[in-house]
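This structure is in structure tokens; I'll ask about it shortly.
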Amino acid sequence: MNLSQASQQRLELLAQDSLKRVLLPCPLNQRAFDFSSNDYLCLAQRGDIVEAGHECAKKYGAGATGSRLLSGNLDCFEQLESQVAQFKNAEAALVFSSGYQANASGLAALLDKSLWSGVDPLVFTDRLNHASLHHACQLAGVKQIRFRHNDMAHLAELLAKHTESTQPKIIVSETVFGMEGDLLPVEQLAEIALQHKAVVYLDEAHATGVWGPQGRGLGAITDPAIDALKAMGHWVIMGTFSKAVGVSGAYIACSETFKQYLVNRCTGFVYSTAPSPFVIGAVSKALEIIPNLNKERCALHTAAETLRSRVHEQGFDTGLSNTHIVPLVVGSNTACLELKAHLQQAGIRTSAVRPPTVPPNAARVRLALNTGHQQAVYEQLLHALTHWKVSA
Ligand SMILES: Cc1ncc(COP(=O)(O)O)c(C=O)c1O
């Protein structure tokens, strides 16, 4: 069998289970009806952000020309990292070209036993963590000790089983779960981590810009346990510039020493060309703007609450959602594709999220709300949903 035949066979198997993905065009003029985008604050097309990207590219070039350790360490990176550290209330920050890269290589570097004098760390992970976090565990060759989703009592119980162990302990979670749309009880997690002197690695991809004080993420809240963990260098926060920040790329906010360790040992940093200066200029501008968008964030949270209660009235299940991400959990892959197609017919774009992104029988249409959605669009969405329930 040649590669084309093997690929075709695999695609047919995926199609049989309604799991085959296809690339569809995303027309720019339909953004107002788009519930599939992660541009939660509608910054991706903001003129001053695009302009700042251009300005930075004009000054530094379209590309960084190399890894930061070779030819690419332009001063715009250092400036952005100081800005990110301040934004996250952290000692230092390191930027990456994508969130996947930051997690896959940054977390893998944290889990690398050579960092811990050759001792394997014990790694406690939320069951619903993003694929990039799983990938990091695989890369580092660690066996995950998984706790039930957002269940802090279960996490505490699992840690308690290892109190005698001298192995380093590392807890990994998202702060806003991208597919569930629920929030990590961050203070509780910090308290538990502190009791066990564990290192905390949090992924703020969906929180950055939208949650926490002035949109700085949940990792930026003021809390005595978090302060104590920070003092030990045990508070490592990753986040992306690709969602509410409206651009692309990612950061890890941490202690200065851990940053310097990553500069030396994180493969996704060492062996990858630094991000484009356009990205750096645009991100820097977006981070200047984000703290001033409290009114927009409030409106977004209110819209999500209203939408949830209205879809509940129609009999839809929104799972654990309590954020701007509202899944309509329908269960089967076929029902999920049908609902997505039905909404598409009504002019509303959504994402059909199926396994392995979510657990089996938990397929869902994911509604990602943004600050640009108008009341009329919500009405259009709700009207279409009523129709689907009737015809199903
Ligand atoms: C929780 C989480 N982490 C990391 C990523 C990867 O980020 P990026 O799209 O910037 O590679 C995503 C993207 O979907 C995500 O949802």
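Starting from 1, each residue takes its place in the sequence as its number. Order of listing sets the numbers, starting from 1, for every ligand and every atom in it. Keep in mind that the numbers below use all heavy atoms, side chains included, and drop hydrogens, waters and symmetry copies.
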**Asked** With a cut-off of 4.0 Å, which atoms of ligand 1 are near a heavy atom of S132?
**Response** 4 (C)
**Item:** Under 3.5 Å side-chain donor-acceptor pair for Q83 and S284
**Value:** yes
**Chi angles and distances behind the salt bridge (Lys or Arg N to Asp or Glu O under 4.0 Å) call for R310, E379** = CA-CA 10 Å; R310 291 190 65 187; E379 296 306 331; 2.9 Å; yes
**Whether S242 lies under 4.0 Å from ligand 1, heavy atom** = yes
**Fill in**
Any heavy atom of N103 under 4.0 Å from ligand 1? The part involved is side chain
**Item:** ligand 1 to M238 polar contact by distance, N or O atoms, under 3.5 Å
**Value:** no
**Prompt:** For ligand 1, is there an N or O atom under 3.5 Å from any N or O atom of D203?
**Reply:** yes
**Item:** Proximal ligand 1 atoms for A205, defined as those under 4.0 Å from one of its heavy atoms
**Value:** 1 (C), 2 (C), 3 (N), 15 (C)
**Asked** What residue and atom, counting heavy atoms only, is the protein's closest point to atom 7 (O) of ligand 1, and at what distance?
**Response** G99 CA, 3.4 Å
**Item:** Ring centers of H206, W211 separated by less than 6.0 Å
**Value:** no
**Message:** Taking E81 first and then K259, would you say they form a salt bridge - that is, a charged N and a carboxylate O separated by under 4.0 Å?
**Reply:** yes
**Request:** Might you work through the salt bridge (Lys or Arg N to Asp or Glu O under 4.0 Å) test for K285 and E55, ending with a clear yes or no?
**Result:** CA-CA 11 Å; K285 188 64 176 177; E55 286 305 316; over 6 Å; no
**Fill in**
Note: ligand 1 atoms sitting under 4.0 Å from heavy atoms of E174 are 1 (C)
**Shortest protein heavy-atom distance from atom 11 (O) of ligand 1, along with the residue and atom involved** = Y100 N, 2.9 Å
**Request:** Mark yes when over 12 heavy atoms from residues, nucleotides or ligands other than Q374 sit less than 6.0 Å from its CD; otherwise mark no.
**Result:** no
**Request:** Say whether K243, considering both its backbone and side-chain N or O atoms, lies within less than 3.5 Å of an N or O atom on ligand 1.
**Result:** yes
**H342 side chain vs A384 backbone, donor-acceptor pair below 3.5 Å** = yes
**Asked** Does the pair E204/K243 count as a salt bridge with the N-to-O cut at 4.0 Å?
**Response** no
**Request:** Tell me which protein heavy atom sits closest to atom 5 (C) of ligand 1, plus the residue, atom name and distance to 0.1 Å.
**Result:** H130 CE1, 3.5 Å
**Message:** Once you measure the plane-to-plane angle for W388 and F316, does it fall in the parallel (<30°), tilted (30-60°) or perpendicular (>60°) bin?
**Reply:** parallel
**Message:** Give the atom numbers and elements of ligand 1 that come within less than 4.0 Å of a heavy atom of T240.
**Reply:** 7 (O), 10 (O)
**Complete:** For atom 16 (O) of ligand 1, the closest protein heavy atom turns out to be H206 NE2, 2.7 Å
